[in-house]
Amino acid sequence: AFKAATCKTFNDPKAEVVVEGQTFAPASKWCEDVQKMRCDKCPLYKPDPVTANWFLHFHCPERHPAGWDLPEVVFRHGLDSRVRCTQGLGAVDGISIHALARLMASCDVHLLMTHREGFGLPILETMACGVPNVVTDYSACSELLEQGGGWPVEVKDFNTNTFHQGVDAMASIADAARGLRRMFDDKAYYAAQREKGLEFARSLTWDSVVPVWTDLFRKAAKIGRPGV
């Protein structure tokens with residue numbers, strides 16, 4: 001999504017491409033329908049000068065046995081000089097809450113193309129730091145963005161996850177790229193999402209949230225234990 005958002009071919013609505021005698025207008029149709037957003041193998045990728053100062057920061061371990069090998073992915077996409085990663089992170093090792101707040105507040109946008117979330121705490125945390133979100137429009141993410149605060153990324157497909165016994169959403173890379181560009185190109189939209197996110201984050205105080213949960217637990221206990 002980051003590479004697509006920084007590509008002049010994908011983002012120029014007037015751009016046309018001719019491939020094997022077939023014309024695609026705008027060129028983004030070729031990116032989506034033929035190339036399937038494989039920006040790492042795209043022969044038509046053109047860096048957009050407008051995004052020359054964009055950087056992508058990964059807040060996750062660089063390598064994980066059950067996840068991506070980020071250095072390899074970054075190298076494959078040709079983004080070596082434009083990517084940073086939080087150092088010292090592990091499965092159970094993080095950074096202090098103050099360092100996390102500083103990191104989040106230093107970013108312009110929070111991109112989270114997650115398969116699904118039970119709550120989506122990073123979304124709420126970045127909202128509280130005044131950072132708009134571009135996140136998958138599914139599960140808890142959709143609920144957190146109901147009142148604004150970011151761009152809900154379209155879901156293209158679903159996949160049954162037998163390991164976690166759940167249904168995963170496959171977010172649209174193209175729509176995420178469009179969300180990123182909207183955040184940077186439309187200042188009024190960005191400011192509105194920022195304010196909506198801050199307002200929503202402020203509304204979730206202990207005094208407003210705890211009574212809702214305690215009431216829910218009491219109702220669940222009565223359903224499970226008649227007469228309690």
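Heads up: numbering here begins at 1 and tracks the sequence.
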**Asked** Is the closest basic N to carboxylate O distance between R194 and D108 below 4.0 Å?
**Response** no
Using distance alone, with no hydrogens and no angle criterion, decide if [X] and [Y] have a side-chain donor and acceptor under 3.5 Å apart.
| X | Y | value |
| --- | --- | --- |
| H115 | T136 | no |
| D137 | S142 | yes |
| N159 | D168 | no |

**Prompt:** Hey, mind stepping through L56 and R82 against side chain to side chain contact (heavy atoms under 4.5 Å, CB included) and telling me if it holds?
**Reply:** CA-CA 6 Å; L56 181 64; R82 305 183 68 175; over 6 Å; no
So, does [X] use its side chain to make a donor-acceptor pair with the main chain of [Y] at under 3.5 Å?
| X | Y | answer |
| --- | --- | --- |
| R84 | H57 | no |
| S96 | A99 | yes |
| E195 | A192 | no |

Transitively linked via ILVMFWY side-chain contacts under 4.5 Å: [X] with [Y]?
| X | Y | value |
| --- | --- | --- |
| V153 | V109 | yes |
| F55 | F58 | no |
| L198 | L204 | no |
| F217 | V210 | no |
| I123 | I97 | no |

To the closest 0.5 Å, what do you measure between [atom1] ([X]) and [atom2] ([Y])?
| X | Y | atom1 | atom2 | result |
| --- | --- | --- | --- | --- |
| I173 | F2 | CD1 | CZ | 14.5 Å |
| T9 | L44 | OG1 | CG | 5.5 Å |
| S172 | E154 | OG | CD | 5.0 Å |
| L144 | N133 | CG | CG | 8.5 Å |
| K36 | K156 | NZ | NZ | 8.0 Å |
| K29 | Q22 | NZ | CD | 9.5 Å |

**Prompt:** Can W30 and D33 be said to form a side chain to side chain contact (heavy atoms under 4.5 Å, CB included), step by step?
**Reply:** CA-CA 5 Å; W30 180 82; D33 299 342; over 6 Å; no
Nearest heavy atoms of [X] and [Y], plus distance in Å:
| X | Y | value |
| --- | --- | --- |
| K3 | G78 | NZ-N, 4.5 Å |
| L70 | C60 | CD1-SG, 3.4 Å |
| D48 | C7 | CB-C, 4.3 Å |
| M113 | A1 | SD-CB, 3.8 Å |
| M37 | A4 | CE-CB, 3.6 Å |
| C129 | M104 | SG-CB, 3.9 Å |

Close side-chain approach of [X] to [Y], heavy-atom, < 4.5 Å:
| X | Y | result |
| --- | --- | --- |
| L103 | T86 | yes |
| M127 | L145 | yes |
| V134 | L112 | no |
| E62 | Q87 | yes |
| K196 | Q147 | no |
| S81 | L79 | no |
| Q35 | P43 | yes |
| K8 | Y45 | no |

**Message:** Please check if the number of heavy atoms outside Y189 that lie under 6.0 Å from its OH is greater than 12.
**Reply:** yes
**Request:** Go through the steps for R178 and D185 under the test salt bridge (Lys or Arg N to Asp or Glu O under 4.0 Å), then give the verdict.
**Result:** CA-CA 10 Å; R178 294 189 181 99; D185 294 344; over 6 Å; no
**Message:** Quick one, R38 with D40, criterion salt bridge (Lys or Arg N to Asp or Glu O under 4.0 Å). Give me CA distance, side-chain angles, the key distance, then yes/no.
**Reply:** CA-CA 5 Å; R38 282 298 306 271; D40 59 326; 2.7 Å; yes
**Request:** Decide salt bridge (Lys or Arg N to Asp or Glu O under 4.0 Å) for E72 and R76; before the verdict, give the C-alpha distance in whole Å, the side-chain angles of both, and the deciding distance to 0.1 Å.
**Result:** CA-CA 6 Å; E72 187 277 329; R76 179 153 44 87; 3.0 Å; yes
**Request:** Let me know which of Y190, W54, W151 forms a ring-ring contact (aromatic ring centres under 6.0 Å, His included) with F184.
**Result:** W54
**Request:** Test Y138 against T114 for side chain to side chain donor-acceptor pair (under 3.5 Å), laying out the working first.
**Result:** CA-CA 9 Å; Y138 183 61; T114 178; over 6 Å; no
